[in-house]
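Just so it is clear, the values below take in all heavy atoms, side chains as well, and ignore hydrogens, waters and symmetry mates.
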Amino acid sequence: MTPLALFALVMTLAAVFALLNDRLLRLPMSIGIMILALLASGGLMLADTVLPGSGLGHARAVLTQIDLPHTLLDGLLVFLLFAGAQAVDTRDLWGRRFSVLALAILGTLLAVLLFAGAMWGVFGLLSLPVSFAWCMVLGAILAPTDPVSVVGMLRRLGLPGPLQALFAGESLFNDGVGVVIFTVALGIATQGGSVHVAGLAEPFGWEVGGGLLLGLVGGGVSLLGLRAARDPHVELLISLALATSVYSLAAAFGMSGPIAAVTAGLAMGTPTAQAALTPEGRSEIPAFWGLVDEVLNALLFVVIGFQVLALSFHWPFVWAAAVAVPLSVLVRGASVLLATLPLYLVGREAMGVLAVLTWGGLRGGISLALVLSLPAGPEHDLLLCVCYSVITFTILVQGLSMQPLVRAFYPVSQTGSKEG
């Protein structure tokens, strides 16, 4: 199948599922698409049971051809992160900068360590031979919340501006932190050795700090171009060049491409950059990036739904996944609490922030892409089963139940939104 034919197939499935969701399910589009893709996957597996060779093998071959790790991490992610970052109110984000840094850095590190330790014990009880280094890899995969899922959810809920900025800022930055930890932990797991938090300092500083600096420099250079431009189409080309160039340069220099793209997107959304745009550009550029975000989200959730076909179902794997789901929620709550304890000690706001950040910690395409990028080996299928179960639970169960939780702490009169 040619790349164009593959793209057409996924796009057609996304359009059909989106239409069915709009007419029948009436759920948030990404979640509705994923549910329908899961149902279609279940139908394929059932058909293969009744009539072997009825199409399941071909579907798995198509999934292999899509190559989600390469497609997402080296392609779609830059556009999704850049689009999401532009939608964040930078003034609210700056006001919560210490909270965002605490959650994105300290919170992610705590989540990795807590989940790794807990799952190491679970695997031991189930007689599954998984080393602590591989448990660290698993923790790094599932620690960061997925910005694609979270930013889309924030649009629907209408949370207060400062809390939206905190939520989105953490989600946009912590995936870069998680990828850095994942890279180091995977190297230790595959090459041998022990896990030391101190060993993360050098790559963390270079990748995260370098990504931040590169994004800021790219944003500054693009601002000069925006001030010189007088055509909204030229301004749009500058925004595209900014997103793709900082991500590519970061990859070339061993820095964090996701963090560079997020920082550049935030720079593009600042009042200074917006003031440099033409009136047409201030309306057309957000509309363009919003459309890009919607289309790529739809394509991504189709692929996530069909990835269930790649799972290996063995009872020890199923038990491990069943325990990992509630553990992921508990670990998320503990990491948020410990990371923000100096910032929110008492009061109703503390409870609201803790509840919303904990239950809203969705995982998605980034976690799935990371686990699918693992080398073949005895741990691959087990970690894939655990990760997919956590991802599916967070998107379907937590994502669909966020609205009543938010309304309990932030009534409609505060959020100013009645949209579900």
Side-chain angles (χ1 to χ4, degrees), residues 3-4 7-8 10-11 14-15 29 70-94 147-148 151-152 154-155 161 164-165 168-169 171-173 175-176 210-253 255-300:
L4 179 60
F7 178 77
V10 179
M11 181 64 78
M29 187 175 73
H70 175 76
T71 302
L72 178 60
L73 298 177
D74 296 330
L76 303 184
L77 187 58
V78 56
F79 300 106
L80 290 166
L81 291 176
F82 191 84
Q86 282 191 85
V88 177
D89 189 315
T90 53
R91 287 165 293 195
D92 284 336
L93 182 64
W94 183 252
V148 177
V151 172
L154 291 178
R155 291 197 190 99
Q164 281 199 41
S171 181
L172 287 164
F173 280 109
D175 65 299
L212 284 168
L213 181 60
L214 186 59
L216 288 173
V217 171
V221 173
S222 69
L223 180 60
L224 298 176
L226 292 175
R227 285 173 172 165
R230 291 293 179 266
D231 186 327
H233 295 156
V234 175
E235 294 168 336
L236 177 58
L237 286 174
I238 291 173
S239 72
L240 282 165
L242 172 61
T244 53
S245 61
V246 297
Y247 197 93
S248 299
L249 285 172
F253 289 104
M255 301 172 183
S256 174
I259 288 179
V262 168
T263 308
L266 290 172
M268 189 73 186
T270 59
T272 302
Q274 292 299 302
L277 296 172
T278 60
E280 296 84 356
R282 281 193 289 272
S283 61
E284 291 182 11
I285 290 177
F288 168 81
W289 282 104
L291 179 61
V292 168
D293 189 48
E294 289 288 342
V295 172
L296 296 184
N297 258 304
L299 297 177
L300 178 59

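At least one side-chain heavy atom of L213 sits less than 4.5 Å from a side-chain heavy atom of V217. Contact annotation: the side chain of P258 approaches that of Y247 to within less than 4.5 Å [non-hydrogen atoms, C-beta and beyond]. Residues V295 and F79 are not in side-chain contact: their nearest non-hydrogen atoms beyond the backbone lie 4.5 Å or more apart. You'll find the side chain of V292 stays beyond 4.5 Å of the side chain of F82, heavy atoms only. Considering only heavy atoms from C-beta on, L80 comes within 4.5 Å of L72 through its side chain. Two residues are said to be in side-chain contact when any heavy atoms from C-beta on lie closer than 4.5 Å; F173 and L212 meet this criterion. Residues L236 and E284 have side chains not in contact (no heavy-atom distance under 4.5 Å, counting atoms from C-beta outward). Residues D231 and T278 have side chains not in contact (no heavy-atom distance under 4.5 Å, counting atoms from C-beta outward).
Panel note: side chain E235, backbone I285; no donor-acceptor pair is recorded below 3.5 Å. In this structure, T270 contributes its side chain and A267 its backbone to a donor-acceptor pair below 3.5 Å. Although no hydrogens or angles enter the test, the distance criterion places no donor-acceptor pair under 3.5 Å between the side chain of S248 and the main chain of S245. No donor-acceptor pair closer than 3.5 Å links the side chain of D293 to the backbone N or O of W289.
Contact between T263 and G211 at its shortest, heavy atoms only, is OG1-O, 4.3 Å. Minimum interatomic distance between S256 and G176 (heavy atoms only, all atoms of both residues): OG-CA, 3.9 Å. What you find for V246 and A264 is that their closest heavy atoms are CG2-CB, 3.9 Å. Across all non-hydrogen atoms, the minimal contact from P271 to T90 is CD-OG1, 3.6 Å. When all heavy atoms of M268 and Q86 are compared, the closest pair comes out as CG-OE1, 3.4 Å. The two atoms that bring P232 and E280 nearest to each other are CG-CB, 3.8 Å, heavy atoms only.
With values rounded to the nearest 0.5 angstrom, L237 atom CG is found 12.5 Å from L242 atom CG. With rounding to the nearest 0.5 Å, the separation of OG in S222 from CG in L240 is 12.0 Å. To the nearest 0.5 angstrom, L172 atom CG is 7.5 Å from D175 atom CG. Atoms CD1 and CZ, on I238 and R227 in that order, are 12.0 Å from each other to the nearest 0.5 Å. Atom CG of residue L93 and atom CD of residue Q164 lie 12.0 Å apart, to the nearest 0.5 angstrom.
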